[in-house]
There are 2 protein chains.
Amino acid sequence: MPDVNYRKVTRVDVAREAGTSVAVVSYVINNGPRPVAEATKQKVLAAIKKTGYRPNGIAKALASGSTQTYGLVIPDISNPFLASIAHALQREAFKHGHVLLLGDAGDSRVREKELINNLLLRQVEGLIYTSVDRHPYIDLIQSSGTPCVMLDRVDPTEGVSALQVNEKLAAYKITRHLIEHGFKDIGIICGPIEMLNTQDRLSGWENALVEANLGIQKKWVIAGQYTRDWGYQAIYQMQKIGFPEAIFATNELQAFGCLKALAELKLRVPEDIALVCFNGTVQSEYTVPTLTTVRQPVDKIAEKAIQILQNWPNKEAICEVDFELQIGHSCGCW
Amino acid sequence: MPDVNYRKVTRVDVAREAGTSVAVVSYVINNGPRPVAEATKQKVLAAIKKTGYRPNGIAKALASGSTQTYGLVIPDISNPFLASIAHALQREAFKHGHVLLLGDAGDSRVREKELINNLLLRQVEGLIYTSVDRHPYIDLIQSSGTPCVMLDRVDPTEGVSALQVNEKLAAYKITRHLIEHGFKDIGIICGPIEMLNTQDRLSGWENALVEANLGIQKKWVIAGQYTRDWGYQAIYQMQKIGFPEAIFATNELQAFGCLKALAELKLRVPEDIALVCFNGTVQSEYTVPTLTTVRQPVDKIAEKAIQILQNWPNKEAICEVDFELQIGHSCGCW
DNA sequence: CTGAAAGCGCTAACAA
DNA sequence: TTGTTAGCGCTTTCAG
């Protein structure tokens with residue numbers, strides 16, 4: 001039974017109790033870097049138990065110069081897609097003894113900067129970063145020398161590591177899928193138009209249409225936010241000008257909003273209007289109808305991201321990962 | 001323009017540059033605890049800029065004995081309800097200069113323990129904790145002396161602070177709502193039966209039925225997991241024995257699963273069968289039909305949780321927060 | 001108002 | 001194999 005600790009028990013106490021030196025206690029706890037005689041080791045272990053000693057990770061971090069901590073900076077953890085990324089990342093990081101500091105920017109650019117600064121002060125050994133907007137604070141991070149992987153589409157600025165699917169291609173593919181269903185009028189609901197991934201998804205959509213000689217109609221591009229509400233609003237906006245045959249929502253939240261609005265308008269998916277989306281999560285398999293969506297390999301991304309941070313610095317700046325078209329019923333497939 | 005730093009620049013460098021002592025640099029950076037002459041202050045500020053100095057939070061934490069860090073231990077961050085809690089918590093914590101260490105246990109009891117230990121070593125100043133199962137590691141936490149708020153229903157063990165809605169009452173109320181719709185046969189889909197919140201939700205359901213003289217039928221209690229898939233399976237299980245008029249899914253994920261299965265079976269909600277659930281998130285407002293659900297005041301919970309940690313130790317062990325019935329269409333309301 | 005110096009708890013180089 | 005000790009970068013007391 002551990003002693004009651006009035007004063008925090010430190011390694012000195014353990015050493016005294018075990019009748020040995022602090023160094024030996026360290027060696028036992030860390031299994032190195034020096035070997036310890038079995039008998040001594042047992043005495044130390046006993047002393048640790050008796051004193052109820054717990055190592056202080058902060059002191060260890062200071063002395064060893066390693067915090068075993070990564071920072072995760074994202075716009076909003078309650079976005080299911082980002083939550084699934086966070087889930088995978090923390091799992092992967094923990095495999096390597098690392099823990100994640102959660103930096104949820106609440107969709108605020110100001111907050112995002114504060115968070116990055118804060119995490120940097122805390123000596124995170126790497127940052128996994130998806131920015132709220134098109135101008136991530138990479139200079140801030142780089143000037144600190146902290147390893148960083150962006151999960152965003154990013155200006156091909158020098159030295160930034162980024163992990164991403166080829167969004168233009170993915171958008172092309174999913175639009176193409178709609179075209180193969182025979183749809184000719186295909187609308188797109190976008191996020192903020194200045195964002196690079198918005199532009200990529202948009203241009204993938206355009207490419208597919210152009211390739212199929214379908215022509216691009218301005219009226220079917222509805223740019224706004226990557227939110228449920230915006231998806232919802234977009235439908236009502238479309239209602240005024242007449243609906244396309246199919247809609248490409250550029251993220252899953254928007255698609256949820258679409259489903260709701262379409263149901264209110266008594267429009268059936270996919271019979272009356274087809275719907276597909278980007279970056280679906282498992283929830284897309286549970287909507288009615290199930291959503292056809294571009295699915296990112298979240299586990300692979302997490303694995304790769306941690307890998308990049310661990311092998312820092314590395315050359316391969318931009319790293320592309322495969323996406324997958326997850327076919328649901330919402331596009332017309334049965 | 002900051003110097004290129006071969007060696008990390010520390011406070012000593014700044015002091016030298018400013019022609020003052022390290023203590024003064026501290027006073028300037030922390031705005032205390034001693035006052036500094038304006039002129040000196042300016043010199044220090046200039047030196048900081050010139051050297052590109054960044055304080056080391058780890059060293060600060062060690063010296064000051066305060067990490068400004070809380071740990072969040074939950075079964076799975078990709079559960080939307082927990083994600084919304086995490087979102088609110090991080091926001092609230094950050095207001096007070098604190099950051100969250102994310103401990104996603106991946107629904108594993110073993111992992112959960114490892115995480116708690118890990119976070120404890122890291123000297124978190126508080127833990128916000130929802131356990132994977134009915135036996136949280138409170139002894140572990142308490143023996144470390146770390147403040148802790150459970151967001152679970154918890155055995156009234158001594159000294160554990162917990163923040164929770166009255167789940168029994170909430171379950172009663174929502175079941176009652178179904179009864180008021182005129183439903184007599186009301187099924188319930190539960191999580192693992194040994195968990196306390198499962199039992200609470202179950203007994204709230206029973207209370208409402210008994211009170212209305214409706215009698216309790218064993219066959220309409222389907223216990224399993226708090227997952228989408230279990231909700232899905234439960235419907236097919238019910239199909240074999242005939243459906244009740246209404247179903248109470250005891251979390252939102254299960255309800256999503258129900259919606260999918262019911263759609264597959266061409267059963268309309270609420271016309272053919274009504275559905276309500278527990279702990280809905282904003283997503284419940286976007287399903288078709290929208291879900292009637294017990295909604296927890298996530299922001300208030302976060303605020304209160306941080307408050308409890310900050311005012312540690314505090315007497316009020318178990319603290320109840322209000323829930324809210326969010327009415328959707330799934331119960332039959334229009 | 002400012003400087004010197006003693007820690008915070010641990011690591012690891014150096015000695016023994 | 002083990003002990004001693006000088007840091008890690010910062011805070012803060014105690015003297016000036």
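We name chains A, B, ... by the order of the sequence lines, and we start the count at 1 in each one.
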- Message: Do B/Y129 and B/P136 make a side-chain contact, defined as non-hydrogen atoms from C-beta onward lying under 4.5 Å apart?
- Response: yes
- Would you say a side-chain N or O of B/S21 is under 4.0 Å from OP1 or OP2 of C/dG3? yes
- Side chain of B/K8 - closest among D/dG9, C/dC10, D/dT12: D/dG9
- Query: Between A/I29 and B/T40, who's closer to the 5' end of DNA chain C by nearest nucleotide?
  - Reply: B/T40
- Measure the distance from CG on B/D13 to P on D/dG9 and round it to the nearest whole Å. 9 Å
- Please give, in whole Å, the distance from C/dC10 C1' to A/I48 CD1? 13 Å
- Side chain of A/Y27 only, please: which of C/dG3, C/dA12, C/dC10 is the nearest? C/dA12
- Task: Would you confirm whether B/S108, through its side chain, and B/R111, through its main-chain N or O, come within 3.5 Å as a donor-acceptor pair?
- Result: yes
- Note on the structure: A/R34 atom CZ is separated from D/dT1 atom C1', nearest whole Å, by 9 Å
- Note on the structure: Among D/dT5, D/dG9, C/dC10, the one nearest any side-chain atom of A/V22 is D/dT5
- Query: Within this structure, what is the CD1-to-C1' distance between A/I58 and D/dC10, rounded to whole angstrom?
  - Reply: 13 Å
- To the nearest angstrom, how far is B/K60 atom NZ from D/dC8 atom C1'? 17 Å
- Item | Interatomic distance, A/L62 CG vs D/dC10 C1' [rounded to whole Å] | 8 Å
- Message: Any carboxylate oxygen within less than 4.0 angstrom of a Lys/Arg side-chain nitrogen, looking at A/E92 and A/K95?
- Response: yes
- Minimum-distance nucleotide (side-chain atoms of B/P35 versus C/dC10, D/dT2, C/dC1): C/dC1
- Which listed nucleotide (D/dT2, D/dC10, C/dC10) is nearest to the side chain of B/N56? D/dC10
- Query: Just how far, in rounded Å, is P of C/dC1 from CD of B/Q42?
  - Reply: 14 Å
- Task: Using a heavy-atom cut-off of under 4.0 Å over every strand shown, decide if A/A23 touches base, sugar-phosphate, or nothing.
- Result: base
- D/dG3 phosphate, OP1 or OP2, under 4.0 Å from A/T20 side-chain N/O: yes
- Item | NZ/NE/NH1/NH2 to OD/OE distance under 4.0 Å, A/R134 and A/D155 | yes
- Determine, step by step, whether B/E112 and B/R109 satisfy the salt bridge (charged side-chain N to carboxylate O under 4.0 Å, His left out) criterion, reporting the C-alpha distance in whole Å, the side-chain angles of both residues, the deciding distance to 0.1 Å, and the verdict. CA-CA 5 Å; B/E112 179 173 303; B/R109 185 167 163 70; 5.1 Å; no
- Check every strand shown and say whether A/V36 touches a base, only sugar-phosphate, or nothing at a heavy-atom separation below 4.0 Å. sugar-phosphate
- Message: How many whole angstroms separate atom CG of A/N31 from atom C1' of C/dA12?
- Response: 16 Å
- Message: Quick check for you: among D/dT1, D/dG9, C/dT2, whose closest atom lies nearest to any side-chain atom of A/A37?
- Response: D/dT1
